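Before any comments, here is the structure.
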Amino acid sequence: MRNSPFRSESCSICAVILLVQAFLVFASFHSVALAAQQPATNDARVGTAPQHSDGPWWKHAVIYEIYPRSFQDSNGDGVGDLNGITERLDYLQSLGIDAIWLAPIYPSPQVDFGYDISDYENIDPQYGTLADFDRLVAEAKKHNIRIIMDMVMNHTSDKHKWFLESESSKNNPKRDWYIWRDGKGVGPDGKPLPPNNWISDFGGSAWQYDPKTNQFYYHEFYKQQPDLNWRNPEVEKAMFDVVRFWLDRGVAGFRLDAVPALFEDPELRDEPYTGGTDAYGDRKVSDIYTNNLPEVHGVMRRLRALIDSYPGNRVLIGETYLPNVEELDKWYGGVKHNELQLPMDMQVGFINKLDVSAFRKHINEAENDINGNWPLFVFDNHDNQRSWDRYGDGIHNAAIARVIASVLLTSRATALMYYGQEIGMVTTPPKRKQDVRDPIGIRGWPKEKGRDGERTPMQWSDTKDAGFSTAAATWLPVATDYPTVNVETEQGEPDSLLHWYKQLIAMRRNDPTLRDGKQLTLDENNSSVLSYVRQGVGGNPAIVVALNFTPSEQTISLDPAIAGITDNTVKTLLTDAPSLEQTNSLRNIVLPPFASWIGSIQ
Ligand code: GLC
């Protein structure tokens, strides 16, 4: 969530030992885990087109984020759960996704709806049990869908046993597992002064005073989310044990929450003020001493070595809001490729306006400036207003949503989606402060309304609670557009956004060019239309994509010479403009407002 733009060594003997250890651990686990640990090569797909075995599965994957509270309630309590997700696997398979990223389902006081974990090795009862989880993994595997866990390593809940021990006394062996410091004496109001000016991402000082031991602890997020001290090797060991627990259970990888925030400046230097105040009234600072410190890369390399000791191409995805592509490349390990396989590229998806040159620049950077690493594009998640609203102009939102889907799914990057994106769910923020559930919305109201708006229940049908639940009241209200914007209705409409997503995902799965072809910019001075070519792979034709980013008709003539192609004869593969269906040449293509066109060069 940090810097969310919307808001404001190896040795061969060691490797052998690790492999033997890994085998012994596997052998002790039950069949579900063993079944899920088969290597990911030769992915036979049930009910979907075959995916070609040209690299690890995650390179061509569509990963789908589920916010478990809001996806499907199976027991009528108004809150989504694991069995609900299992019930909906047929749908997810028909959509064509390869993996689910599950937002946190661990036991939690739910102050930050699961991002405050009180036990890393269990399931919160409101979402189900470990047996339900194992069933989900096993059933998902039958649907060729992998499960990726959200791993919150920066902080725990203040109710986690590690913190309860740590806060109990200055001499407790776990005291140094968190960041405890003396304050700067007492202020004019008689209150203890924090160690420095660091502020929480969620408002106010990042230091919480504990009268019992007369010290402060550091919390990047809520005060109920104390930061772990990653300078203590015991913390790393404990957290890596947690990672092994889930790998042994058969998960395909992890999405690392707020991971650039793991380390803080040991000297506790004040962050520089940058002028003005944020939505919470705090003076704005540059977070140079609390974010993206270089020490984090050592942890990432060790974590990568750990997951690579498991079979099946387990993957590490990072929540990496970073300032530029140079910083992003470091998270892959640059030329060494030895850190995360997929740190999220937040440059493309969060431009937040249809600016052709910004899209072109950032797509080119992802293609060319990350040392042969593999990009991961994302437009939507549980922390940001939905792309429907961020990019929509209020008139052409449906066409614009197709443009965004086309960028996401015809680029050479792995694609990350968020539930409901495929049907065009809108952001529905609370109208009154008393209805807000997300604490940052309560604290920041009305400037910051919180993240409830992008977390409303999934809209399955035009029935009670949109088919999400049978409860009298759901944890967040269902958005009012559910009678028309829902899965069942859109399944019956050939021109729906849902069908657009399904077609794009199927094309991407089937076409080696869309899967692997190098992406080259066309018509690079055009400020209204984004066009690119994907170079043909394995004798398959090159593919051209042209997307009108404006509300006016645009005429383009594209020259694919940059891809070594002299022919201009094309065949339309997919378009949302009937007038473009018969397009057979790259000359004088007339794109209606916000039209998307995808064709192959014959
Ligand atoms: C990440 C999560 C966000 C959470 C924060 C603190 O940014 O995506 O939802 O509030 O971390 O864990």
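Side chains included, hydrogens not; waters and symmetry mates left out as well; all remaining heavy atoms used. Position 1 is the first residue of the sequence; numbering continues from there. When a ligand or atom number is given, it counts from 1 through the structure's own listing order. Here the structure is a predicted model, which is why all the values come from computation and not from measurement.
Relative to the six-membered ring of W445, K449 meets both conditions, a distance below 6.0 Å and an angle of at most 45° to the axis. Remark: R314 fails to qualify as a cation-pi partner of W58 under the 6.0 Å distance and 45° angle criteria applied to the six-membered ring. Judged by the 6.0 Å and 45° rule, R175 forms a cation-pi pair with W180.
Contact of the I423 side chain with the W388 side chain is not registered, since no non-hydrogen atoms from C-beta on lie closer than 4.5 Å.
Taking every non-hydrogen atom of D257 and a distance limit under 4.0 Å, the qualifying atoms of ligand 1 come out as 1 (C), 2 (C), 6 (C), 7 (O), 8 (O), 11 (O), 12 (O). The distance from ligand 1 to the heavy atoms of D112 drops below 4.0 Å at these ligand atoms: 4 (C), 5 (C), 6 (C), 10 (O), 12 (O). Of all the atoms in ligand 1, the ones that sit under 4.0 Å from a non-hydrogen atom of R451 are 3 (C), 4 (C), 9 (O), 10 (O). Heavy-atom contacts of R255 reach the following atoms of ligand 1: 8 (O) (cutoff under 4.0 Å). Ligand 1 places these atoms under 4.0 Å from at least one heavy atom of H155: 6 (C), 12 (O). Here is the list of ligand 1 atoms found below 4.0 Å of a heavy atom in R455: 9 (O).
Heavy-atom proximity to atom 8 (O) of ligand 1, evaluated over D116, V259, D383, is greatest for D383.
Ring pair W460/F71 is perpendicular by interplanar angle, where above 60° counts as perpendicular and below 30° as parallel. Classified by interplanar angle (parallel below 30°, tilted 30° to 60°, perpendicular above 60°), the ring pair Y178/F163 is perpendicular.
Neither the backbone nor the side chain of H219 has a heavy atom within less than 4.0 Å of ligand 1. If you look at Y321 next to ligand 1, there are no close heavy atoms at all, none under 4.0 Å.
Remark: R231 engages E295 in a salt bridge, criterion side-chain N to carboxylate O under 4.0 Å.
In this structure, F202 has a heavy atom closer than 4.0 Å to ligand 1.
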